[in-house]
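Only one structure is covered here, and it is reproduced in the block below.
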Amino acid sequence: MKPGAYVLISGTSSGIGAACARLLDQMGFRVFAGVRKTADGEALRQQTSQRLEPVLLDVTDEQSIRNTATHIAQVVGNTGLAGLVNNAGIAVASPIEFIPLDAWRRQLEVNVTGQLAVTQALLPLLRQARGRIVNIGSLGGFLASPFAGAYTASKFAMEGFTDTLRMELRPWGIEVALIVPGVIATPIWSTSLAAADKLLNQMPSKAVELYGTAMNTMRKKAYPTGGTSAEAVAKAIAHALTAQRPRTRYPVGLDAQLGILLTLLPDRWRDHIICSRQVGKALDMPPK
Ligand SMILES: NC(=O)c1ccc[n+]([C@@H]2O[C@H](COP(=O)([O-])OP(=O)(O)OC[C@H]3O[C@@H](n4cnc5c(N)ncnc54)[C@H](OP(=O)(O)O)[C@@H]3O)[C@@H](O)[C@H]2O)c1
């Protein structure tokens with residue numbers, strides 16, 4: 001992919017998406033930066049060149065996706081789209097027994113179905129440019145943890161989605177890569193914690209009775225306060241878009257690399273290690 005080529009990134013208001021938009025812009029690409037609020041696009045543009053163009057894109061809104069695809073088609077003309085970075089995402093935290101179904105659906109809608117809808121809408125333009133697709137997976141895409149069931153379901157799905165897409169698009173030379181970040185220092189953790197508190201308030205008191213201790217322990221032990229920088233993830237995305245032979249998977253951060261080793265353990269050993277690290281003995285306690 002040459003500088004000056006067009007790239008669309010979803011979810012660029014903060015975190016990994018914003019870091020990726022800034023880096024690709026610095027590298028000379030023409031970035032369409034997906035945001036849901038005009039003000040977020042304007043704020044991002046203050047940090048980039050005038051080449052970057054914010055586009056209003058909600059990955060759960062079909063009309064918004066159509067408008068974005070139509071606009072990009074008009075701007076790029078015969079050049080096509082050289083890259084699509086499916087980055088937008090949310091993290092819903094809740095015990096599976098009590099998660100409201102609309103919260104579960106929303107998690108999958110944003111993190112999986114929305115990525116599919118955007119990919120389908122942009123594939124004709126990607127094919128035109130023999131472009132590349134970069135999906136954002138997660139350490140949670142191969143390692144489950146308590147109270148992250150909806151999120152891990154969405155990221156496990158991204159693993160299968162990405163591998164299938166890579167095989168199906170081989171005839172057109174469209175490379176598809178999966179970025180696999182460990183814990184990254186972005187606002188997703190505080191947003192997810194606030195949303196989890198709101199969800200918990202809507203649940204029956206039985207939810208607190210059964211899972212309250214474990215959830216409180218997890219909040220203290222497992223919610224990260226640091227993490228690898230979003231810029232490190234942006235570098236991996238840039239490699240996936242520009243390397244002559246991109247990798248199919250890019251673990252980012254030591255935790256993502258070491259996490260792969262945990263998948264080699266028998267399931268119950270792995271459960272024990274994850275539970276004792278994240279929720280202490282709380283999940284072993286008999287319900288009151
Ligand atoms: N941070 C981590 O530790 C970590 C680890 C592994 C994977 N990831 C993945 O990395 C990606 C980016 O997350 P982040 O950590 O950078 O979090 P973030 O700072 O919270 O960014 C999430 C982005 O997604 C956007 N978004 C949310 N719902 C959307 C929708 N319906 N349509 C379009 N955009 C939407 C947000 O926009 P608004 O501001 O408008 O809500 C925001 O720009 C996600 O896919 C996440 O799962 C993160």
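Numbering of ligands and ligand atoms starts at 1, following listing order. No experiment lies behind these values; they were computed from the predicted model shown. Throughout, residue positions are numbered sequentially from 1 according to the sequence presented.
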Enumerate the side chain to side chain donor-acceptor pair (under 3.5 Å) contacts for residues 171-192, please, sequence neighbours excluded, ordered by first and then second residue.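 Applying side chain to side chain donor-acceptor pair (under 3.5 Å) to every pair that reaches into residues 171-192, excluding sequence neighbours, yields Ser192-Tyr223.
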Residues in salt bridge (Lys or Arg N to Asp or Glu O under 4.0 Å) contact with Arg30, at least two apart in sequence or another chain: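 Salt bridge (Lys or Arg N to Asp or Glu O under 4.0 Å) list for Arg30, sorted by chain: empty.
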Is it true that Arg268 and Asp271 have a side-chain N and a carboxylate O under 4.0 angstrom from each other?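 No, Arg268 and Asp271 are not salt-bridged.
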With the threshold set at 4.0 Å, does a side-chain nitrogen-carboxylate oxygen contact exist between Arg106 and Glu109?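 Here Arg106 does not pair with Glu109 in a salt bridge, since their nearest N and O are not under 4.0 Å apart.
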Report all side-chain donor-acceptor pairs from residues 70-82 shorter than 3.5 Å, counting only partners two or more places apart or in another chain.
residue: Thr70; atom: OG1; partner: Arg66; partner atom: O; Å: 2.8
residue: His71; atom: NE2; partner: Glu53; partner atom: OE1; Å: 3.4
residue: His71; atom: NE2; partner: Glu53; partner atom: OE2; Å: 2.6
residue: Thr79; atom: OG1; partner: Val76; partner atom: O; Å: 2.9

Who's touching ligand 1 if we go heavy atoms under 4.0 Å?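 Close residues (ligand 1, cut-off 4.0 Å): Gly11, Thr12, Ser13, Ser14, Gly15, Ile16, Arg36, Leu57, Asp58, Val59, Thr60, Asn87, Ala88, Gly89, Ile90, Arg106, Val110, Ile136, Gly137, Ser138, Tyr151, Lys155, Pro181, Gly182, Val183, Ile184, Thr186, Pro187, Ile188, Trp189.
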What pair of heavy atoms forms the shortest contact from Val183 to Asp255, and how long is it?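 Of all heavy-atom pairs spanning Val183 and Asp255, the closest is N-OD2, 2.7 Å.
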